[in-house]
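Notes follow the structure.
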Amino acid sequence: MSTASDSPPDAAPAKVSQQTLNKVTFAGGAGTVVEWFDFAVYGFTAPIIATTFFPDSEGATALLQTFAIFAVAFALRPLGGAVFGRLGDRIGRKKVLAMTVMLMSVATTAIGLLPAYATIGIWAPILLTVARCAQGLSAGGEYAGAAAYVIEHAPDDRRARYGSAMPAATFGSFAAAATITWILTELFGQQGMQDWARRVPFLIAAPLGLVAFFIRQKLDETPEFQKAQAERDSAEAEQPSIRSVVRREWRAMAVLAGYISITGLSFYMFSTYMTTFLQQVVGMSSDTVLLSNVLALVFATALAPVIGIICDGVGRRPIMYASALLLGGLAIPAYLLAQNGTLVTALSSQILLALGAVSANVVTAVLLSEAFATTSRYIASAITYNVAYAIFGGTAPYVATYLVDRTGSAISPAVYLTVICALGLIAIRLMPETSGRPLAEQLTMTGDIPVVAADETTDDSAPHH
C-alpha cells in the first residue's frame, strides 16, 4: 500500500483488495476485543472488588463506591478521545491504535497485581482509581479510531457490514470476560475469587495486549487518511485544532451524541448492570447469572453482523428508530421477566435487551465515520462518542443501583432506559441518512451535517452539501 507521499493530492483513495479488507477487519476487531475484555472484567467482578477494596462498607454502599470508580474511568474517556483523536488525525490511525491497546493492557495488568485493602489500606482504592483512569484514557482513543480504521477501508455499500465487526468484537470480549469469570467462580467459589482468583482475568491482559500490539504494528494506514494527509501536505495546511474542529462540527457532534446516549446506556444496562441486578436485587446465584450473561453476549455477538447487513440494505435511520423503539418498548418487560429468578427468564430478559442494544451499537459504529470529514474524523467521533458514553454509559450501573436503592422499585432502571430512548428519538429525527455516500463526499459538508426534516426526501444519487 502506498504512503501519502507516493500519491498525488487529488488522487482518489486506493481500492482495497478483499484480502487487505479481511486483514484490516480482523486486526481492528482483535484489538478491540483486547481493549474491551480488559474494560469488561471490572464490571463482572464488581461485587468481589466491592468487598476487596471497600471492606468497611456494606451492601449497596460498597457497590456504589465500586461503580463510582467504574464511572471515573468514563470521565477520563473524553480526554482520551481528544488526545488520541488529535494524534490519530495527525500521525495516522494505526500508530495510535497500537498505543491505546498497550496502555489498556498495562493498566489492566496493574489492577490484577494490586494488593487488597486489608494489606495496604486506603492506597488500595486510590491505586485502583489511578489504574481505572488509565483504562479510561485508553478506551477513549480506541473505539472510534478502530471503527474509522475499518470503515475507511470498506466499500461504500458495505460499510455497516464491515463496521459491525467493532460491536461484534465488543460484545464478544464481554462474553469472553464473563466466561472466564464464570469458570473461575465455578472452580474456586466466592471465597477463592475473593482470596486470589479475582486477579486472573486482569492478568490475562498482558499476553493478549502484546499480541494485539504486534498485530496492529504490522498494519498499513487507511487509503482515506493517506489521501487527506497528501492534500493537507500539498496545501501546506496545519492540522485543525480541537477548538476549531468542535466549532466546525458541533452540530453533527450534538445530534450524534443525542443518539449515542441510547447506545451507551443500553450497552451497559445489558452487558454490565444486568449481572449485578440479577445477583443483588433478584438474588440469583453468581454462577447462574454469569452463565445466562455469557449466552446472551454470544447471541449479541452473532447478531451484530446480521444487523450490519440489514443496515446496509435499509439505511441508517430505520435501524436507529428500530433500536430506540425496541429498547423503549422492551426494557420494562425484560426487567419484570428477570425477576422470576430462573436461568431461562434471566437469559430471555437479556436477549430482549440485546435486540435493541446490538442494533444501536452497530449503527453507531458506522455513523461515527460517516458523520465527519476524514481530516477531523478521529477526533470529532472520539469526543462525541466518549462524552455521550461518559454521561450515560459510564454512569449506568451507578444510576441503576442508586435508583433501585432509593425507590425500592426493581424496574426503575428500565424506566430510566425507556425515558432516554424517548428523548433519543429527537436526535434520530434530526439525523440525515448517510448510507451509501462516499466518505470523501462528507468533506464538502465540512462536518456540519444539515438538519433534515423527517418528511424531507433526499436524492442520495446527487451530491449533498
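Only heavy atoms go into these numbers, but all of them, side chains included; no hydrogens, no water, no symmetry mates. Residues take their numbers from the sequence shown, with the count starting at 1.
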Any carboxylate oxygen within less than 4.0 angstrom of a Lys/Arg side-chain nitrogen, looking at Asp156 and Arg159? yes
Quick one: does Leu137's side chain get under 4.5 Å of Val83's, heavy atoms only?
no
* Are any side-chain N or O atoms of Arg316 and backbone N or O atoms of Val363, one a donor and one an acceptor, separated by less than 3.5 Å? -> no
Exercise. Could you walk me through whether Arg437 and Glu370 pass salt bridge (charged side-chain N to carboxylate O under 4.0 Å, His left out), step by step?
Key: CA-CA 8 Å; Arg437 297 178 182 178; Glu370 291 179 341; over 6 Å; no
Query raised in the report: Do Trp182 and Asn293 come close enough that some side-chain heavy atom pair is under 4.5 Å?
Result: no
Across all chains, not counting sequence neighbours, the salt bridge (charged side-chain N to carboxylate O under 4.0 Å, His left out) partners of Arg77 are none
**Prompt:** Between Thr345 and Ser348, is any side-chain donor less than 3.5 angstrom from a side-chain acceptor?
**Reply:** no
Practice task
Quick one: do Glu221 and Lys95 satisfy salt bridge (charged side-chain N to carboxylate O under 4.0 Å, His left out)? Show the steps, please.
Solution key: CA-CA 9 Å; Glu221 195 48 79; Lys95 293 178 181 178; over 6 Å; no
When every non-hydrogen atom of Leu353 is compared with those of Met269, the smallest separation belongs to CD1-O, 4.5 Å
*Are side-chain heavy atoms of Pro155 and Leu21 found at a separation under 4.5 Å?*
yes
- Item | Asn386 vs Ile383 side-chain heavy atoms within contact, under 4.5 Å | no
Thr364 side chain to Thr263 side chain, donor-acceptor N/O pair below 3.5 angstrom: yes
Donor-acceptor side-chain pairing of Ser285 and Asp287 below 3.5 angstrom
yes
* Side-chain (Ser138) to main-chain (Thr100) donor-acceptor, under 3.5 angstrom -> yes
- request: Could you tell me whether the side chains of Tyr259 and Ser323 share a donor-acceptor contact shorter than 3.5 Å?
  value: yes
Between Ala296 and Leu347, the two heavy atoms sitting closest are N-CD1, 3.6 Å
query = Below 6.0 angstrom between ring centroids: does that apply to Tyr335 and Phe277?
reply = yes
For this session: Could you tell me whether the side chain of Asn22 reaches within less than 4.5 Å of the side chain of Thr25, counting heavy atoms only?
Result: no
Between the OG1 atom in Thr179 and the CG atom in Leu184, the distance rounded to the nearest 0.5 Å is 10.5 Å
In terms of heavy-atom contacts, Ala107 and Ala134 come closest through CB-CB, 3.7 Å
For this session: Check whether any side-chain heavy atom of Ile411 lies under 4.5 Å from a side-chain heavy atom of Gln339, and answer yes or no.
Result: yes
### Query
Is the closest side-chain heavy-atom distance between Ile262 and Leu327 below 4.5 Å?
yes
- Query: Considering only heavy atoms from C-beta outward, does the side chain of Phe372 approach that of Ile379 to under 4.5 Å?
  - Reply: no
Ionic contact status for Asp157 with Arg161, cut-off 4.0 Å
no
In Trp36, Tyr273, Phe174, the residue satisfying ring-ring contact (aromatic ring centres under 6.0 Å, His included) with Phe267 is Phe174
In short, Val33 meets Ser173 closest at the heavy-atom pair O-CB, 3.2 Å
Correct closest heavy-atom pair for Ser435 and Asp312 would be OG-O, 4.1 Å
(Q) Tell me whether Ser292 contacts the main-chain N or O of Val289 through its side chain, where contact means a donor paired with an acceptor under 3.5 Å. (A) yes
dist Leu256:CG -> Ile428:CD1 (nearest 0.5 Å) comes out at 11.0 Å
So is Arg132 actually on top of Tyr42's ring, under 6.0 Å and inside 45° of the axis?
yes
Less than 4.0 angstrom from a charged side-chain N to a carboxylate O is my criterion; do Arg216 and Glu142 meet it? yes
| field | More than 12 heavy atoms from other groups under 6.0 Å of OH on Tyr416 | value | yes
Arg248 and Ser376 have their tightest heavy-atom pair at NH2-OG, 3.0 Å
Over 12 non-hydrogen atoms of neighbours within 6.0 angstrom of CZ in Arg158: yes
